[in-house]
Amino acid sequence: MDSQQTPHVIRTVLVQLQCFLFGYTVSFTGATLKVMVEATGACGKSSMCPVGSLIASLAALCAAVSSVIIGPISDTYGRRTVLVFNTGIWIIGYILIAISTNPWILLIGRGLTGVAMGIASVLVPVYVAETSPPELRGRLGSLTNVFISAGILAVFAEGLIKLNWRITAAMAIIPALCSYFAFVFTRRLPETPRFLILVRGDLEAGRMAAKCLAGPDNIDHERALIDDVIGKQPSNNGKKKEQALTKGERKAIFAGIGVVTCFVMSGNNTLQAYLDYILLNSGVSDVAKGAACFAGTQFILAIFMYFFVIYNIGRRPLLIGSCIAASAALRAASIAANLQNGPLVVIFLCAFIAAVTLGLSTVSLLYASEVFPDRLRGRAMATSTTIFWLFSFILAEAFPFLKDHFKVTGVLDIFSLCSLFSALFCWLFVLESKDKSLSEIQDAFKKSSPISSFKIRRAFRSSPTKNKNSSSKESCGYSSTSIPPPPDEFTNLLSSSNKEEAGVLDDDDLATL
């Protein structure tokens, strides 16, 4: 990692603390559900009941609800403001879980952490996509899955050492506080330049945000962040004019939402929420070690993706290969579970999570945040994550019914079949987005059919080389102006009286740029 990439990596690590909590919340019941149910008397003397199932699934339902509303809110108030507010929701939710003495307080805490999880799942990928240069977006975006996997591993590792479930809940407050201090007391996490320019219509603030994001000496990345926005139609003081969706926008939205749906239908979240139960009923003698092995595999492969894979392989082959491998691993795990061969079950479930990590879980939200149109990115991400969490809730609630009627082996077979259909979807509708600016990706969906590889190559022609400039060192702030100004023609267009009143650029103006 060279010095020019360092500010981007540090920024992404800080914002991804909320994805650590995302993973922590997804798997929290996977390691603690049985003891929480017993401690709070949620199911009496039974090990599973409707209230216990709701404790496991409520976070996903609340995440679906928060995902519905957070897109428009973030498009109004900004990505950063909402993420700061979200840290408070994490803290309150886990405090309630830690102190709960009855199932109702526990459910309220799980609901709040679910709300925060939904917000993070929408806005963290959007923030990373809008603050990363095209050549680093894939690698930085893959850190989302590294931190989600780290959160999952932390929960199962705490279960392995028999940590009290209340302490496990209280431990989540630490990364939430760190996230708050990172946003409020450091200057590495400003608002995104795309939001400031395209939604707020504040070009100067966008330029200063780009400087803050890139660091004092990295003029190339400053210009890359601004050049990706230049040429897009600025809004009129934040007031957006509703327009019908174009054909290209419809294709991009369908592909983005479809990929996220493929991820949830792989069964990843459901299997993690009930992992202890699945292992216990599949012949695994040491459930805690099996769960830790599962989570450890995910974390190691997520790191491997970050350093070696996402930078070199396109999104489309990763998604297709991930779906096919996940389907095969689940079918093998089903056969092993039917034979009550515990070691083989653990091996094939680890193979499943490895396959998912090498594609679906790492790429799905990243891909969606890349392909959604600028004017709809917040709402489209909200829609896709709402679908993600809604399906997660439905599948988590359905798991007790499915395992009663089809056994654990049948549940694994169902998810195996879903993964196979997901591979077909990705082959038909996913368009490659690796190493392309957000503007280039949107143009590609206008010009190409995802099925035609010839059109894909033609749509993704090499972008022209950016001019290199130098910049003096100045502190990061919105009053600094060290970044070179945008082209004179663009500045003149913004400042001209008739365009300022109208708040738009016409086709001739864009051609001039």
Regarding [X] and [Y], is there a side-chain donor-to-acceptor distance under 3.5 Å anywhere?
X	Y	answer
W389	S121	yes
Y277	K403	yes
E397	S57	yes
S416	S327	yes
N145	S361	yes

- [ ] Can you establish whether the number of heavy atoms outside Y180 located under 6.0 Å from its atom OH is more than 12?
- [x]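 For Y180, atom OH is not crowded (no more than 12 foreign heavy atoms under 6.0 Å).
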Least distance between heavy atoms, [X] atom then [Y] atom:
X	Y	answer
Y274	A56	OH-CB, 4.0 Å
A176	I91	CB-CG1, 3.6 Å
A64	L390	CB-N, 3.5 Å
A355	A325	CB-CB, 3.5 Å
A170	A98	N-CB, 4.2 Å

Task: Residue from W165, Y24, F28 passing side chain to side chain contact (heavy atoms under 4.5 Å, CB included) with E158 - done: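 Exactly one pass, corresponding to Y24.
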TODO: Determine whether the aromatic ring centres of F425 and F254 lie less than 6.0 Å apart.
DONE: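 Between F254 and F425, which both carry aromatic rings, the centre distance is below 6.0 Å.
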With rounding to the nearest 0.5 Å, note down the distance linking [atom1] in [X] to [atom2] in [Y].
X	Y	atom1	atom2	result
M117	N86	CE	CG	11.0 Å
E370	L365	CD	CG	11.5 Å
S53	F401	OG	CZ	13.0 Å

Task: Salt bridge E130-R79, side-chain N to carboxylate O under 4.0 Å - done: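 Salt bridge flag = yes for R79 with E130.
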Open item on the list: I'd like to check N164 versus I167 (side-chain heavy atoms, cut-off strictly below 4.5 Å). Are they in contact?
Closed with: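 Yes, close enough: below the 4.5 Å cut-off.
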TODO: Would you please classify the geometry between the Y94 ring and the W90 ring as parallel, tilted or perpendicular, with 30° and 60° separating the classes?
DONE: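 The rings of W90 and Y94 lie parallel, inter-plane angle below 30°.
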